[in-house]
Amino acid sequence: MHPNKGKLLLNIEIITTNQLTESSMFESIINMGYNVLVSRCETERDLKNVVEREPDLLILASEYIITQDAEMIWLSEFFTKNGINFSGSLKETLILAADKVFAKTYLKGKGINTPRYFTAVPGEYKRDFDIPIDYPLYLKTVSSHDKISTDSLALVKNYNEFQSKLLSLYNMHNAPVLVEEYLDGQEFSVSIIKTRDGEIFVSAIEILQALRDKEFTLIEDKILMEKVKNLAIDVFLDLDIRDFGQVHIRTNRSGHCFFIKTDLAFEIKNKNSYFFEAFTLDLGLSSDDVIKLIVDEGMSRV
């Protein structure tokens, strides 16, 4: 039996590697009647201290820590080994989702539509006609953990632009660069939560990057909405995402949907993120409603 099973008031900890703050998520969970603690973890000793407190549920606002010895400790793996319940996906899914090329290759093998893509390093493609996909192209970092500006997600239209941006991104991250065909349609963010009863809540919004006064909107085309949601659900299931996640999708001019990436490391504490806004706009759920679904699903494993 779980050591805290008999307690009348269950304990939840929000684990972060950033500055300690009593976030809006903290307030929401407090209002649900739980004991809540926000814990900043930077060392393995910090993680062991969490284990010793035996919380009933952890909300992981970070995926891993880097110790002073440069060791990467995945929080999901650490707490799984120590028998501590947490909300979110397991390490295997997080690693798969974090690598855009790995995720695309895996999902393509499952029959999921992806844009054509390849990876490149400076000097690899010495002549224009060696590049395997026609312009325009998008150049991106391979890792979903790299937080870069929209300008760095560069659209290139010729060989000189390709060389310049490839060199810039490679020097910035010291890693091969993802080169992707440009899809000239719409962009969507899909938020998904699996509830304690096994029901899947799916909300999709269209991202309007060109409009400064309005970043997103509801998808008015019901057929397109259904296509976007169905593709996102397939990705969610094929990647074995647990509890919640975001799936990003684009269409081409013909309206065909393509998987772009998943985001399992988003700022879960930020009630103003696309993740929460999608549920509000599409399903009328408040951020408190969404947080309760996440907590209830996690607590169902206690």
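A continuous path of ILVMFWY side-chain contacts below 4.5 Å connects Tyr274 to Val228, so both sit in one hydrophobic cluster. The hydrophobic cluster containing Phe259 also contains Leu94, counting ILVMFWY residues as joined when their side-chain heavy atoms lie under 4.5 angstrom apart, directly or transitively. Under a hydrophobic clustering in which Ile, Leu, Val, Met, Phe, Trp and Tyr are joined whenever their side-chain heavy atoms come within less than 4.5 Å, directly or via other members, Phe26 and Val290 fall into the same cluster. The cluster map of Ile, Leu, Val, Met, Phe, Trp and Tyr, joined by side-chain heavy atoms under 4.5 Å apart, puts Val156 and Leu183 in different clusters. Linking Ile, Leu, Val, Met, Phe, Trp and Tyr residues whenever their side-chain heavy atoms come within less than 4.5 Å leaves Leu58 and Leu37 in two separate clusters.
If you take CD on Glu42 and OG1 on Thr16, they are separated by 9.5 Å, rounding to the nearest 0.5 Å. Note that the CD atom of Glu54 and the CG atom of Asn82 stand 11.0 Å from one another [nearest 0.5 Å]. If you take CG on Asn252 and OH on Tyr182, they are separated by 11.0 Å, rounding to the nearest 0.5 Å. To the nearest 0.5 Å, atom CD1 of residue Ile193 and atom CG of residue Leu283 are 9.5 Å apart. A distance of 4.5 Å separates CG of Leu218 from CG of Leu281, quoted to the nearest 0.5 Å. Between atom OG1 of residue Thr262 and atom CD1 of residue Ile192 there is a gap of 10.0 Å, rounded to the nearest 0.5 Å.
Tyr125 places none of its side-chain heavy atoms less than 4.5 Å from the side chain of Leu166. Residues Ser287 and Met25 fail the side-chain proximity criterion, which asks for heavy atoms closer than 4.5 Å. Residues Arg53 and Ser39 meet the side-chain proximity criterion, which asks for heavy atoms closer than 4.5 Å. A 4.5 Å side-chain heavy-atom check between Asn85 and Asp56 finds every atom pair outside the cut-off. Looking only at side-chain heavy atoms (C-beta outward), Asp296 and Thr195 stay at 4.5 Å or farther from each other. Using a 4.5 Å cut-off on side-chain heavy atoms (C-beta onward), Ser62 and Ile15 make no contact. In this structure, Asn35 and Ile12 have side chains that are not in contact, with every pair of non-hydrogen atoms separated by 4.5 Å or more. Counting heavy atoms from C-beta outward, Val190 and Phe236 have side chains that stay 4.5 Å or more apart.
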Quiz item: For Ser87 and Leu57, what are the C-alpha separation, side-chain angles and deciding distance, and is it a side-chain contact (heavy atoms from CB on, under 4.5 Å)?
Solution: CA-CA 7 Å; Ser87 184; Leu57 176 66; 4.2 Å; yes
Practice problem: Show the numbers, then the answer: is there a ring-ring contact (aromatic ring centres under 6.0 Å, His included) between Phe258 and Tyr117? | Solution: CA-CA 12 Å; Phe258 296 84; Tyr117 60 91; over 10 Å; no
Practice problem: List the steps and the verdict of side chain to side chain donor-acceptor pair (under 3.5 Å) for Asp128 and Tyr135. | Solution: CA-CA 10 Å; Asp128 195 7; Tyr135 301 107; 2.7 Å; yes
Practice problem: Decide salt bridge (charged side-chain N to carboxylate O under 4.0 Å, His left out) for Lys104 and Glu180; before the verdict, give the C-alpha distance in whole Å, the side-chain angles of both, and the deciding distance to 0.1 Å. | Solution: CA-CA 11 Å; Lys104 282 181 169 61; Glu180 200 171 79; 3.0 Å; yes
Quiz item: Under the side-chain contact (heavy atoms from CB on, under 4.5 Å) criterion, do Ile84 and Phe78 qualify, and how do the steps go?
Solution: CA-CA 9 Å; Ile84 301 298; Phe78 182 88; over 6 Å; no
Quiz item: Can Leu224 and Thr251 be said to form a side-chain contact (heavy atoms from CB on, under 4.5 Å), step by step?
Solution: CA-CA 10 Å; Leu224 178 59; Thr251 61; 4.1 Å; yes
Exercise. List the steps and the verdict of side-chain contact (heavy atoms from CB on, under 4.5 Å) for Ile95 and Trp74.
Key: CA-CA 10 Å; Ile95 291 176; Trp74 287 84; 3.7 Å; yes
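Annotation for Leu137 and Ile133: closest pair CD2-CG2, 3.6 Å, computed over non-hydrogen atoms. Nearest heavy-atom pair across Val50 and Cys41 is CG2-SG, 3.9 Å. Nearest approach of Glu297 to Ser300, heavy atoms of both residues: O-OG, 2.5 Å. Taking both residues in full, the closest heavy atoms of Ala278 and Ser203 are given as O-CB, 3.4 Å, listed atom of the first, atom of the second, then distance. Taking all atoms of both residues into account, the shortest heavy-atom contact from Ala120 to Val179 is CB-CG2, 4.1 Å. What you find for Leu231 and Cys257 is that their closest heavy atoms are CD2-CB, 3.7 Å.
Applying the salt bridge (charged side-chain N to carboxylate O under 4.0 Å, His left out) test to pairs two or more places apart or on separate chains, those with a residue in residues 227-246 are Lys229-Asp282, Asp243-Arg301.
No donor-acceptor pair closer than 3.5 Å links the side chain of Ser168 to the backbone N or O of Ser164. Thr93 places a side-chain N or O within 3.5 Å of a backbone atom of Leu239 that can act as its donor or acceptor partner. Ser191 contributes a side-chain N or O that, together with a main-chain N or O of Phe275, makes up a donor-acceptor pair within less than 3.5 Å. Although no hydrogens or angles enter the test, the distance criterion places no donor-acceptor pair under 3.5 Å between the side chain of Ser89 and the main chain of Ile241. Within the 3.5 Å criterion, the main-chain N or O of Leu285 finds a donor-acceptor partner in the side chain of Thr280. With Ser28 contributing its side chain and Asp288 its backbone, the two residues share no donor-acceptor pair below 3.5 Å. Of the possible donor and acceptor atoms, one in the side chain of Glu161 sits under 3.5 Å from a partner among the backbone N and O of Lys157.
Scored by the side chain to side chain donor-acceptor pair (under 3.5 Å) test, Tyr159 finds Gln163 as partners (sequence neighbours excluded).
Checking Arg250, Lys140, Arg116 one by one against Glu181, the salt bridge (Lys or Arg N to Asp or Glu O under 4.0 Å) holds for a single residue, Arg116.
Within 6.0 Å of CD on Glu52 lie more than 12 heavy atoms contributed by other residues, nucleotides or ligands. Annotation: Arg45, atom CZ; neighbour count of heavy atoms from other residues, nucleotides and ligands within 6.0 Å is above 12.
The aromatic rings of Phe162 and Phe118 sit tilted, their planes meeting at an angle between 30° and 60°.
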